[in-house]
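Everything below concerns the one structure shown next.
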Amino acid sequence: MVFVKSSPIIPLDKLRTDFKVEESIAQVINRKKAMYYSDFKKFVSFCEAEYRNQDFDSMEKYLHQLITVKGIKYSTFNRRAAGIKFYLSTVFNLEQTSLQKKRLQIIRQLYNTEEYLRLKPMRGVRAENQEEVIALINKFNTNNKSEIRKRAICYLNLITANRPSEMVRLKVSDIDLINRKVWVMLKKQGEMKEKSLTLECSLAIEKYIKAFKLNKNNYLVGSIDKWGNYKNKMISERSYNRLIHQWLGFPPYTFRKTQITSMYNKSADLVTIAKQSGHRSLQTITEHYIEVDCSEVEKYL
């Protein structure tokens, strides 16, 4: 009698686990592919026009052209470089050599030369006086449901110095009113960050939650229909920008810059500011957020 060795039976749970892992990886990759698609498409057009392969050598030539011919800003250069690198390494499985990395660093240093230095500054929104911004927010300190919502959202955005992407993702469960803390999802860094709230901000949020009977699974900002009814739906960052413009007349990033500048003017050190604003780089705070008034400089001349 011949015995046939049977194949081992693979448990169904193991297959499910493997599938879930692959599915999660694919979701992350697809999100990044969508995020960087327009940047990579421009690179592809460059390669086609110059009959180049889509690889790291061509990426070097393309990025050099962006600086020396197109005159793109430093922030745009970094975004394009990140997008192309993601596609080449993750989507096409190409490997960047140490020499290619070093050469790209040298090309990036063109922004430090006199010819291209003007492309480096990042000019954003201006900081406002914090007391004046709070006065604007307190215009909504009424018992009108719509204005209760406006005041709570604006107050929280100011005190936390949140980005629009962080505001629209906040859920009621992220807020600890007793300890005056909030856990913020930092989409850019891919982590959760604890931030502090003032007493007045906490009270405004509590009033809003009660007025709209929000539960812990609701988005804090959410959506409001034309009859003023709340819908548990995450709105887009563009919609959020439009809301703040309608309510206060300036973009939501004004909250962020105002709060950071205010903390600095109150003698907060950079580490403390970074903890509240969610910055990883202290250099970013000093270069792009903190503005020293000319009159302050003149005192020390």
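- Between Phe77 and Tyr111, the ring center distance clears the sub-6.0 Å criterion.
- Side-chain atoms of Asn30 come within 3.5 Å of backbone N or O of Ala26 as a donor-acceptor pair.
- Side chains of Lys266 and Gln130: a donor on one and an acceptor on the other come within 3.5 Å.
- No side-chain heavy atom of Asn215 sits less than 4.5 Å from a side-chain heavy atom of Val172.
- Note that the CG atom of Leu214 and the CG atom of Leu220 stand 7.0 Å from one another [nearest 0.5 Å].
- Other residues, nucleotides and ligands place no more than 12 heavy atoms under 6.0 Å from the CD atom of Glu95.
- Closest approach of Asn162 and Asn157 over heavy atoms only: O-ND2, 3.0 Å.
- A distance-only check finds no donor-acceptor pair linking the side chain of Tyr208 to the backbone of Ile153 [under 3.5 Å].
- No donor-acceptor pair under 3.5 Å is formed between the side chain of Thr272 and the backbone N or O of Ala268.
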Could you please spell out the steps behind the ring-ring contact (aromatic ring centres under 6.0 Å, His included) verdict for Phe250 and Phe255? CA-CA 9 Å; Phe250 53 67; Phe255 288 134; 5.4 Å; yes
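- The side-chain heavy atoms of Thr68 and Tyr116, taken from C-beta on, include a pair separated by under 4.5 Å.
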Might you work through the salt bridge (charged side-chain N to carboxylate O under 4.0 Å, His left out) test for Glu23 and Lys20, ending with a clear yes or no? CA-CA 5 Å; Glu23 186 180 40; Lys20 287 179 179 177; over 6 Å; no
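- Judged purely by atom type and a 3.5 angstrom limit, Thr113 has no side-chain atom pairing as donor or acceptor with the backbone of Gln109.
- Counting heavy atoms of neighbouring residues, nucleotides and ligands inside a 6.0 Å radius, atom NZ of Lys42 exceeds 12 of them.
- Annotation for Ile178: atom CD1 does not count as buried by contact number, only 12 or fewer foreign heavy atoms lying within 6.0 Å.
- At distances below 3.5 Å, not a single donor-acceptor pair connects side-chain atoms of Arg79 with backbone N or O atoms of Tyr74.
- The one candidate from Arg52, Gln96, Gln100 that meets the side-chain hydrogen bond (donor to acceptor under 3.5 Å, both in side chains) condition with Asp57 is Gln100.
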Determine, step by step, whether Lys32 and Thr90 satisfy the side-chain hydrogen bond (donor to acceptor under 3.5 Å, both in side chains) criterion, reporting the C-alpha distance in whole Å, the side-chain angles of both residues, the deciding distance to 0.1 Å, and the verdict. CA-CA 10 Å; Lys32 284 201 167 187; Thr90 305; over 6 Å; no
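- Around the CE atom of Met263, the shell of radius 6.0 Å holds more than 12 heavy atoms that belong to other residues, nucleotides or ligands.
- Atom CZ of Phe56 sits about 13.0 Å away from atom NZ of Lys61, to the nearest 0.5 Å.
- The side-chain tip of Lys171 points at the ring of Tyr219 from less than 6.0 angstrom away and within 45° of straight on.
- Hydrophobic clustering, with ILVMFWY side chains joined whenever heavy atoms are under 4.5 angstrom apart, groups Leu156 together with Trp247.
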Would you check, one step at a time, whether the test side chain to side chain contact (heavy atoms under 4.5 Å, CB included) holds for Leu243 with Ile235? CA-CA 10 Å; Leu243 278 181; Ile235 65 172; 3.9 Å; yes
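- In plain terms, the two heavy atoms of Tyr230 and Val221 that are nearest each other are CE1-O, 3.9 Å.
- Between Lys85 and Ser89, the closest heavy-atom pair is O-OG, 2.6 Å.
- Residue Lys145 comes nearest to Phe212 through the heavy atom pair O-CE1, 3.3 Å, listed as atom of the first residue, atom of the second, then distance.
- When atom types are taken as modelled, the side chain of Ser58 and the backbone of Gln54 share no donor-acceptor pair closer than 3.5 angstrom.
- Hydrophobic clustering, with ILVMFWY side chains joined whenever heavy atoms are under 4.5 angstrom apart, keeps Ile134 apart from Leu203.
- Side chain of Asp174 to backbone of Val184: no donor-acceptor contact under 3.5 angstrom is found.
- Looking at Thr76, its side chain never comes within 3.5 Å of a backbone N or O of Ile72 through a donor-acceptor pair.
- Within the 4.5 Å cutoff, the side chain of Ile67 has no heavy atoms near those of the Leu63 side chain.
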Between His64 and Leu110, is the side chain to side chain contact (heavy atoms under 4.5 Å, CB included) condition met? List the steps. CA-CA 9 Å; His64 179 266; Leu110 284 171; 3.9 Å; yes
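- Distance alone, capped at 3.5 Å, is enough to place a donor-acceptor pair between the Arg256 side chain and the Ala161 backbone.
- With salt bridges taken as basic N to acidic carboxylate O contacts below 4.0 Å, none links Arg151 and Glu147.
- At a threshold of 4.5 Å between side-chain heavy atoms, the hydrophobic network of Ile, Leu, Val, Met, Phe, Trp and Tyr places Ile260 and Leu248 in two separate groups.
- Within a 6.0 Å radius of CD in Glu131, no more than 12 heavy atoms belonging to other residues, nucleotides or ligands are found.
- The ring pair (Phe, Tyr, Trp, His ring centres under 6.0 Å) test with Phe40 singles out one residue from Phe86, Tyr62, Phe92, and that residue is Phe92.
- For Thr258, the side chain to side chain donor-acceptor pair (under 3.5 Å) criterion is met by no residue, not counting sequence neighbours.
- Distance CD/Glu115 to CG/Leu119: 9.5 Å, rounded to 0.5 Å.
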Might you work through the side chain to side chain contact (heavy atoms under 4.5 Å, CB included) test for Lys70 and Gln65, ending with a clear yes or no? CA-CA 7 Å; Lys70 303 291 186 181; Gln65 186 194 76; 4.2 Å; yes
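- Residues passing the side chain to side chain donor-acceptor pair (under 3.5 Å) test with Asp225, sequence neighbours excluded: Asn229.
- Looking at every heavy atom in both residues, Lys193 comes nearest to Leu186 through CB-CD1, 3.7 Å.
- Under the 4.5 Å side-chain criterion, counting only non-hydrogen atoms from C-beta, Asn141 is in contact with Lys207.
- The shortest distance between side-chain heavy atoms of Arg31 and Gln27 falls below 4.5 Å.
- Linking Ile, Leu, Val, Met, Phe, Trp and Tyr residues whenever their side-chain heavy atoms come within less than 4.5 Å leaves Met167 and Tyr253 in two separate clusters.
- If you chain together hydrophobic residues whose side chains sit under 4.5 Å apart, Met234 and Ile244 fall into the same group.
- A salt bridge does not link Arg180 with Glu200: none of the charged nitrogens is closer than 4.0 Å to a carboxylate oxygen.
- Rounded to the nearest 0.5 angstrom, Ile137 CD1 and Cys154 SG are separated by 5.5 Å.
- Closest approach of Ile159 and Cys201 over heavy atoms only: CG1-CB, 4.1 Å.
- Counting heavy atoms from C-beta outward, Glu22 and Asp18 have side chains that stay 4.5 Å or more apart.
- Annotation: the span from Ser196 atom OG to Lys275 atom NZ amounts to 6.5 Å, rounded to 0.5 Å.
- No side-chain heavy atom of Ile84 sits under 4.5 Å from any side-chain heavy atom of Tyr36.
- Within the 3.5 Å criterion, the main-chain N or O of Gln276 finds a donor-acceptor partner in the side chain of Lys195.
- Residues satisfying the side chain to side chain donor-acceptor pair (under 3.5 Å) criterion with Asn179, sequence neighbours excluded, are Asp176.
- Side-chain contact check for Val91 versus Lys33: some heavy-atom pair is nearer than 4.5 Å.
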